Amino acid sequence: MKITFYGHSALGIQIGNKHLMVDPFITANEKAAGIDISKLKADYILVTHAHQDHILDVEAIAKNTGAKVVSNYEIVTHFGQKGIEGHPMNHGGSWNFDFGKLKFVNAIHSSSFADGSYGGNPGGFVIETETKNIYLSGDTALSYDMKLIGEQTQLDLAILPVGDNFTMGVDDALKAAQFLNVNNVLGVHFDTFGYIVIDHEKAVEKFLDNGVKLHLLEIGESINI
Ligand code: NI
Ligand code: MN
C-alpha cells in the first residue's frame, strides 16, 4: 500500500491497482501549489465530512477521473445532485469494495457545507485489505471509542490529525495511537493555516519517546506500508 500526502488532509492511497483519494483540498492550499489535480488518479474519493477544507476538489477530481464518492449519505447525495456517482454509508456500516473492506466509523467534529447546509455526521474510515489495515480518523477529537477500533482490527497505520485547535493535537493523537494499539501514525491537518502550525521535531520526538513512529510527510511525498 502506497500513501501520498497532498497537503492538509488530502491523501492518495494506492491499494494494488486501485487508487483512493481522500479529502481533496488542494487547489486553494498555497502550500500544495506543486500538485496538479488533473494528473491525480482516483477510482474512489473518500470524504470524511463536508467542511470545505476536505471537499473543495472532490467535484473536479470526480469529473476528471469518474471516481465514485464514498462518504455519509448527505455528502454522497450532495455530489449525486452534481451528477457524481457515490456510495453512501453511515456510522458502524461496512462494505466490501474491490480494494478491500471499508467501515465508516464515528468522529467527534462537525460537518456543514460551505453554505451552511447540513453535511451529515462527520466520520472516519477503517480500511482492511489483504495485506494491511489502516484507520483514517478524519477531523476528530480523541475518543475512547478508538479503543474499539484497535480491538477489532490489527492496525498497521493510523492517519490522525495533529494540528490542534480544530482537531486533536499532538498529545491527544499520541493517546489515540495508544488506544488504537498502533505504532505507526501518519499526521495530517497541520501547518496549512496559522491555527494549526506545529513543531515537527518536537512532535516526532514526543511520539518516539513513547515508542510510536510519527510520519510527517512533505507535500507530494509518499510512504509504503
Ligand atoms: Ni473539519
Ligand atoms: Mn478540517
Side-chain angles (χ1 to χ4, degrees), residues 3-13 20-33 35 37 40 42 45-62 69-79 86 88-91 104-127 134-143 145-146 149 158-174 176-177 185-198 200 203 214-217 219:
I3 302 169
T4 306
F5 182 53
Y6 293 119
H8 200 49
S9 290
L11 300 162
I13 303 177
L20 281 54
M21 174 67 45
V22 179
D23 285 358
F25 169 79
I26 298 166
T27 54
N29 181 1
E30 283 170 25
K31 293 180 173 359
I35 306 296
I37 63 164
L40 299 178
I45 305 173
L46 274 47
V47 181
T48 59
H49 63 294
H51 288 159
Q52 191 73 346
D53 62 316
H54 297 258
I55 68 163
L56 179 71
D57 297 313
V58 168
E59 186 175 354
I61 295 171
V69 172
V70 183
S71 188
N72 69 27
Y73 175 80
E74 291 80 3
I75 291 172
V76 167
T77 303
H78 169 90
F79 286 111
M89 300 184 79
N90 215 327
H91 293 160
F104 191 64
V105 295
N106 51 311
I108 300 179
H109 196 65
S110 54
S111 175
S112 46
F113 289 101
D115 64 359
S117 62
Y118 180 58
N121 284 308
F125 296 94
V126 178
I127 308 171
I134 67 174
Y135 166 52
L136 172 71
S137 74
D139 285 7
T140 185
L142 172 65
S143 102
D145 287 354
M146 290 171 179
I149 293 170
I159 302 172
L160 306 174
V162 293
D164 219 332
N165 192 74
F166 297 115
T167 65
M168 295 189 282
V170 169
D171 292 311
D172 282 359
L174 173 58
V185 170
L186 174 62
V188 295
H189 217 271
F190 63 94
D191 287 0
T192 321
F193 324 109
Y195 287 124
I196 61 173
V197 172
I198 65 163
H200 293 211
L214 172 65
H215 305 263
L216 297 175
L217 302 181
I219 295 175

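No hydrogens, no waters, no symmetry mates; every other heavy atom, side chains included, goes into these values. Remember, predicted model here, so these are calculated numbers, not experimental data. Every number for a ligand or one of its atoms is a count from 1 in the order of the listing.
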Fill in: Ring centers of Phe25, His51 separated by less than 6.0 Å
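Ring centroids of Phe25 and His51 are no less than 6.0 Å from each other.
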
Worksheet entry | Output field: ring centroids Phe193/His8 closer than 6.0 Å | yes

Worksheet item: Any idea how His189 and His54 line up, ring-wise: parallel (<30°), tilted (30 to 60°), or perpendicular (>60°)?
Response: parallel

Discussion item. Classify the ring geometry of Phe5 against Phe190: parallel below 30°, tilted from 30° to 60°, perpendicular beyond 60°.
Written reply: parallel

Worksheet, complete the sentence: Heavy-atom closest pair (Val185 atom, Ala177 atom, distance to 0.1 Å) is CG2-CB, 3.8 Å

Response to the item:
Phe113 and Ile55 have their tightest heavy-atom pair at CD2-CD1, 3.7 Å

Confirm or rule out an N/O/S atom of [X], from backbone or side chain, lying less than 2.8 Å from the Mn ion (ligand 2).
X: His189; value: yes
X: His54; value: yes
X: Asp23; value: no

Discussion item. Could you identify the N, O or S atom of Asp139 positioned closest to the Mn ion (ligand 2)?
Written reply: OD2

Practice prompt. Using only N, O or S atoms, tell me which atom of Asp53 is closest to the Mn ion (ligand 2).
Written response: OD2

Worksheet entry | Residue His49 atom name (nearest to the Ni ion (ligand 1); N/O/S) | NE2

Worksheet item: What N, O or S atom of His51 is found closest to the Ni ion (ligand 1)?
Response: ND1

Discussion item. To 10 degrees, how wide is the angle OD2 (Asp139) to the Ni ion (ligand 1) to NE2 (His109)?
Written reply: 90°

